[in-house]
Amino acid sequence: MSDYMFMLESHLSPEQNRVLAEVQAAAAEANVSVFLTGGAMRDVMGGFAVRDLDFTVEGNALKLARAVAKKSGAEITFTDERRKCAELLFPGRVTAEIAMARQERYAKPGAQPQVEPATIHEDLRRRDFTINAVALSLNRASRGLLIDPTNGLGDLERKELRAVHNYTLYDEPARILRLVRFRVRLGLTVEERTAQQYENVRAEGLERRILPRRLLEELREIADDPNPGEILRALEEEKLLPLFSPALAEGKLNLAGLAKLHKARQLIPYGAPFQVNNLPLLLSLMAEKLTAREKSELIAATGLGAAEVAAWRRLESLAGKLEHELKSPKLHRPFQVYEVLSKAPGEVVLLLLVRSNLRLVQDRIRNFFQKYLPAAVEVTDQEVVAKGGQPGTPKFVKIRNELIEARLNARPKRPAPEEGAAAPEAEADEQRPARSPDARQPKVSRA
Ligand code: ATP
Ligand code: MG
């Protein structure tokens, strides 16, 4: 096995490795060449966590995506017929993109490029930054061969962000937003000629040609980033925030709320079944100080769709409802708190954790993340099967819940604190009936 294959396999989770094997097998069967590319390669080589797998195919990518989906039970969540790429969600919550190797030609800055099928080498040369332009062959004859025509590996080692060519930012000015995001997220310095290209693009005001669709794409990426506040602050410094909202750029960006979100996310146990729809969560927090009119401007600038706006509004009211439910003195057993919080959408739980001023609500959410969820994950499918549950049936879910309930409610009380050392209230467990909440404390604030 090549060093790179070894590095890759040891870096990915078991679920991601399974997807890697499935895509390789399907490509071999379809007799097309497939490569691991983009952010997945960058993150493997840089030692960062791999969030999604980017595959590039020399050949019919959509057909391969359909074959992979059929065989593995993955769901195709998005397809782009023009660029010939598909996004897939696999069992085990692994996400991947399967895209056709392509060339893109830009008639003028910010225009829709003309797309043509290409070889992997040509595909790598149309990408944005060298660190994103590395491929690893997953094909029988050359498996583990690294293809790095622009020395992205060297740039990654030097921690430099370098544009692939002299027109990268001109061709698609939205790439300046990506530049800021990668610089901040990965702690890179922008290479000198790339910095000059950036300055030139800004001097010509080409950022004004960025389409709303691109701004929305970027907002989604920022929402999915571990620390969106840091990226938005950098955009503010670069005077790029007015593209999204002039009001945000005038000091209304809620950085304190975003910093709390960053902390709150760190409480989610690694690998726990906790799904978050990040876009409405980001919108709720970043735009908290905007007036209704300013929010409408943000919606228009990014072309947010009706469904996305509705999800944003719904999130606000769901957080209020969850707070009400969670402060109830009736919820005094750990399993009751677990049930309420595991049924709530992840973004509602996180928004409430960031916003609520009620100590009891804060403690219950923290206990959920730090104690109940990790304990619930320990209940294995084998245990459920041993009790007579058939996977995929309602009875399976019922037995699983009973096992979780028994486990949570039987949690031993923590040992009595040593003399003189009072147990901190913030870590209070739910073994005793909860105090009734202080009615004077403010409710979750609404934007
Ligand atoms: P992330 O970790 O945020 O997903 P990523 O680099 O994987 O980062 P994606 O948007 O998933 O970003 O894109 C995958 C790859 O496609 C990138 O690494 C890059 O090679 C290429 N790419 C994406 N968007 C652009 C763009 N606007 N211009 C050029 N290449 C792009
Ligand atoms: Mg990616």
Side-chain angles (χ1 to χ4, degrees), residues 11-12 16 19 35-57 61 77-78 80 82-89 94-106 109-113 115 118 120-136 147-150 152-153 155-156 161-165 167-188 194 197 201 206-207 209-211 213-228 230-231 278-279 282:
H11 197 82
L12 299 182
Q16 286 173 323
V19 170
F35 304 84
L36 189 72
T37 52
M41 274 310 291
R42 177 199 64 222
D43 293 340
V44 167
M45 293 183 315
F48 313 115
V50 176
R51 297 190 306 171
D52 42 39
L53 298 169
D54 303 298
F55 296 99
T56 303
V57 185
T77 51
F78 175 77
D80 182 335
R82 216 174 59 81
R83 291 186 295 172
K84 308 278 184 254
C85 67
E87 287 173 10
L88 293 100
L89 174 65
V94 175
T95 52
E97 182 189 273
I98 300 183
M100 174 186 78
R102 63 184 192 267
Q103 264 184 321
E104 292 181 342
R105 290 183 216 285
Y106 291 82
Q112 281 275 31
V115 174
I120 186 68
H121 284 84
E122 290 163 333
D123 178 279
L124 294 176
R125 288 187 180 280
R126 61 103 197 142
R127 290 179 185 249
D128 48 3
F129 303 106
T130 60
I131 59 165
N132 290 340
V134 180
L136 186 70
I147 311 173
D148 183 10
T150 59
L153 196 50
D155 286 336
L156 199 55
L161 191 59
R162 181 191 305 265
V164 165
H165 57 72
Y167 298 97
T168 299
L169 306 179
Y170 279 94
D171 281 346
E172 199 188 288
R175 290 173 181 155
I176 63 176
L177 304 172
R178 292 175 62 84
L179 176 143
V180 173
R181 175 159 52 88
F182 289 126
R183 168 171 70 73
V184 172
R185 191 211 291 169
L186 305 176
L188 307 176
T194 306
Q197 196 185 149
V201 163
L206 293 181
E207 69 273 9
R209 297 205 194 169
I210 302 176
L211 299 171
R213 181 171 53 80
R214 290 273 179 214
L215 290 176
L216 182 54
E217 261 173 37
E218 189 58 29
L219 207 54
R220 276 188 215 288
E221 295 284 352
I222 296 172
D224 287 339
D225 198 275
N227 193 354
E230 200 181 44
I231 296 171
N278 285 315
L279 184 65
L282 178 71

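Both ligands and their constituent atoms are indexed starting at 1 by order of listing.
One distance of note links CD of Glu207 with CG of Leu169; it measures 11.5 Å at 0.5 Å rounding. In this structure, CD in Glu218 is found 10.0 Å from CZ in Arg214, a value given to the nearest 0.5 Å. Of the inter-residue distances, the one linking Glu87 atom CD with Thr95 atom OG1 reads 8.0 Å to the nearest 0.5 angstrom. Put simply, CZ on Phe129 and OG1 on Thr168 are 7.0 Å apart, with the number rounded to the nearest 0.5 Å.
Of all protein atoms, those of element N, O or S that lie under 2.8 Å from the Mg ion (ligand 2) number 1.
Arg209 places no side-chain N or O within donor-acceptor distance of the main-chain N or O of Pro173, the cut-off being under 3.5 Å. Side-chain N or O atoms of Gln197 include none that pairs as donor or acceptor with a backbone N or O of Ala163 at under 3.5 Å.
For Asp224 and Arg220, the salt-bridge test fails: no basic side-chain N is under 4.0 Å from an acidic carboxylate O. Using a cut-off of 4.0 Å between Lys/Arg side-chain N and Asp/Glu carboxylate O, Arg185 and Asp225 are scored as salt-bridged.
Residues Asp155 and Thr130 have side chains that bring a donor and an acceptor to within less than 3.5 angstrom of each other.
Ligand 1 is surrounded by Gly38, Gly39, Arg42, Arg51, Asp52, Asp54, Arg126, Arg127, Asp128, Asn132, Glu172, Arg175, Arg178, Arg181, Phe182, Arg185, Glu221, each with at least one heavy atom closer than 4.0 Å.
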